Number of protein chains: 2
Amino acid sequence: MKKQKVSDEKPGLVRRSVCPITNTLDILGDKWTLLVVRDMFLGKKTYGEFLASPEGIPTNILADRLKRLEQHGIIDKTPYQQSPVRYAYQLTSKGQQLSPVIKEIIKWGLENIQGTKAAMMDRNK
Amino acid sequence: MKKQKVSDEKPGLVRRSVCPITNTLDILGDKWTLLVVRDMFLGKKTYGEFLASPEGIPTNILADRLKRLEQHGIIDKTPYQQSPVRYAYQLTSKGQQLSPVIKEIIKWGLENIQGTKAAMMDRNK
DNA sequence: CCAGTGACTTGCAATTTGAAAGTTACATGC
DNA sequence: GCATGTAACTTTCAAATTGCAAGTCACTGG
């Protein structure tokens, strides 16, 4: 029932439990993070492309989530041009391994929430 | 019989998009909701049992999440005794269908977050 | 009558969210 | 040269949500 500090790791990190679900939720458990990951599976790469998604993520939230995903090694950021510098984000292998999670969430949503559509998950659309 | 879904849009419902991921996150996308679902897969049934989990969910959050899960038809609540009345929560079939989602999250967590352990997901513990 | 238990509800401070506006660094058109 | 545009953020601040603690309610058992 006690929250434990992780002995060897990053100072400041408080682990709620050793449960893999709990620890995954501490990284991905909110309304926006997985939508950014979804967009990257759909081939989107830039800040502007993420902003353009239909859900309308606020700019400050997007910046924060990109930073956190990067810190957790789920995505990485590289400049794809200089003058002016522009960045491309992409999934690391850790991020790509989220594919089965995303897939099962899509499946559950389509089967259990009326009005959801698979169409938008089509990459060439 | 349980009450049937209405085909009309619910009055308070604001849909961010038709994406199944988005709509799933609007129900389950936070740090606590899936932990309650996890506990139910582990056989826990009562308010007190959920409270006793190692993450230490606050009482008001637990009450709120149980209410929301019930409203979304993912769990249901029945009195298992009278005088004083005591309630048991259980997953509906909609809730049980979350099993593959949970399974993939556990898998990702175990493979990608150091210090997580499968042990606690054993039912007879 | 009093303590204890299970299932909540309430109060309130702290944290997080989100809408909008501002910033930085260039590029292009007039 | 200057205004406008664009991409990628950062800042501000009110509103909403979270989380700790305490309180409530309906009993039971001693």
Side-chain angles (χ1 to χ4, degrees), chain A residues 1-5 12-17 22 25-36 39-40 43-72 75-90, chain B residues 12-17 22 25-37 39-40 43-72 75-90:
Chain A
M1 198 134 155
K2 289 278 160 67
K3 292 172 186 173
Q4 292 187 331
K5 245 177 120 183
L13 174 65
V14 175
R15 207 173 277 248
R16 292 192 290 166
S17 80
T22 305
L25 291 178
D26 283 340
I27 300 172
L28 305 170
D30 78 317
K31 285 187 345 188
W32 295 109
T33 307
L34 275 181
L35 296 186
V36 177
D39 281 353
M40 300 188 77
K44 297 183 183 177
K45 291 170 177 49
T46 66
Y47 188 90
E49 286 175 322
F50 302 137
L51 274 188
S53 286
E55 290 84 7
I57 186 170
T59 57
N60 55 342
I61 302 288
L62 176 57
D64 177 75
R65 295 305 188 275
L66 287 171
K67 193 179 298 172
R68 288 174 48 183
L69 283 170
E70 201 188 349
Q71 282 167 354
H72 285 290
I75 65 178
D76 54 26
K77 177 189 188 174
T78 49
Y80 66 88
Q81 81 171 37
Q82 301 294 335
S83 282
V85 65
R86 296 282 184 258
Y87 299 102
Y89 294 91
Q90 58 180 344
Chain B
L13 177 66
V14 176
R15 208 175 279 252
R16 291 193 290 165
S17 79
T22 305
L25 291 178
D26 283 340
I27 300 172
L28 305 171
D30 79 317
K31 287 187 345 186
W32 294 110
T33 309
L34 274 181
L35 295 185
V36 176
V37 175
D39 281 353
M40 299 186 79
K44 296 182 182 177
K45 290 171 177 54
T46 66
Y47 189 90
E49 286 174 322
F50 303 136
L51 273 189
S53 286
E55 289 84 9
I57 186 170
T59 56
N60 54 341
I61 302 288
L62 176 56
D64 177 74
R65 295 305 187 274
L66 287 171
K67 194 180 297 172
R68 287 175 46 183
L69 284 170
E70 200 187 349
Q71 282 166 355
H72 285 290
I75 65 176
D76 56 25
K77 177 190 189 176
T78 47
Y80 67 88
Q81 80 170 36
Q82 301 294 335
S83 283
V85 64
R86 295 282 183 257
Y87 299 103
Y89 294 91
Q90 59 182 345

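The model shown is predicted, which means the values in this text are computed figures rather than measured ones. Each chain gets a letter, A, B and so on, in the order the sequences are listed, and its residues count up from 1.
- Expressed to the nearest 0.5 Å, how far CG of B:Leu35 lies from CG of B:Asp39 amounts to 7.0 Å.
- Taking a 4.0 Å limit (strictly below) on heavy-atom distances, residues 27-36 of chain A reaches DNA chain C at A:Lys31, A:Trp32.
- With distances taken from any side-chain atom of A:Tyr80 to the nucleotides C:dT10, D:dA8, D:dT10, the minimum falls on D:dA8.
- Side-chain proximity of A:Ala63 to C:dC8, D:dC9, D:dT12: nearest is D:dC9.
- A:Leu62 places its CG atom 13 Å from the P atom of C:dT17, with the value rounded to the nearest Å.
- Put simply, CG on A:Leu34 and CZ on A:Arg65 are 11.0 Å apart, with the number rounded to the nearest 0.5 Å.
- From A:Lys77, atom NZ reaches atom OH of A:Tyr47 across 10.0 Å, with rounding to the nearest 0.5 Å.
- No side-chain donor-acceptor contact under 3.5 Å links A:Glu49 to the backbone of A:Ala52.
- Taking NZ from B:Lys45 and CD1 from B:Ile75, the interatomic distance works out to 13.0 Å, rounded to the nearest 0.5 Å.
- Out of C:dC8, D:dG19, D:dT12, the shortest distance to the side chain of B:Tyr87 is found at C:dC8.
- B:Asp64 contributes atom CG, which lies 9.0 Å from atom CG of B:Asp30 (distance to the nearest 0.5 angstrom).
- As a whole-Å value, the separation of B:Ile57 CD1 from C:dC8 P is 13 Å.
- Summarising the geometry, the separation between CG on B:Asp26 and P on C:dG18 is reported as 10 Å, rounded to the nearest angstrom.
- Between D:dC20, D:dA8, C:dA19, one nucleotide has an atom nearer to the side chain of A:Thr46 than all others, and that is D:dA8.
- Picking from D:dT11, D:dA8, C:dT17 the nucleotide with the shortest atom distance to the side chain of A:Ile61 gives C:dT17.
- A cation-pi geometry, defined here as NZ or CZ lying under 6.0 Å from the six-membered ring centre and within 45° of its normal, holds between A:Arg16 and B:Trp32.
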Protein heavy-atom contacts under 4.0 Å, written 5' to 3' over nucleotides 21-30 of chain C as B (base), S (sugar-phosphate only) or - (none), form the string B----SS---

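- With sequence neighbours left out, the side-chain hydrogen bond (donor to acceptor under 3.5 Å, both in side chains) criterion links A:Lys44 to A:Ser53.
- To the nearest 0.5 angstrom, B:Tyr87 atom OH is 13.5 Å from B:Thr46 atom OG1.
- Each of A:Arg65 and B:Tyr89 lies near DNA chain C, and the nucleotide nearest B:Tyr89 is the one positioned closer to the 5' end.
- Atom CG of B:Leu51 and atom P of C:dG6 are 10 Å apart (whole Å).
- Straight-line distance from the CD atom of B:Glu55 to the P atom of D:dG19: 12 Å, rounded to whole Å.
- Taking atom CG of B:Asp64 as the reference point, atom C1' of C:dA7 lies 15 Å away to the nearest angstrom.
- One can place CZ of A:Arg16 at 12 Å from C1' of D:dT18, the figure rounded to the nearest angstrom.
- Protein atom CG of A:Asn60 is 9 Å distant from nucleotide atom C1' of D:dT10, rounded to whole Å.
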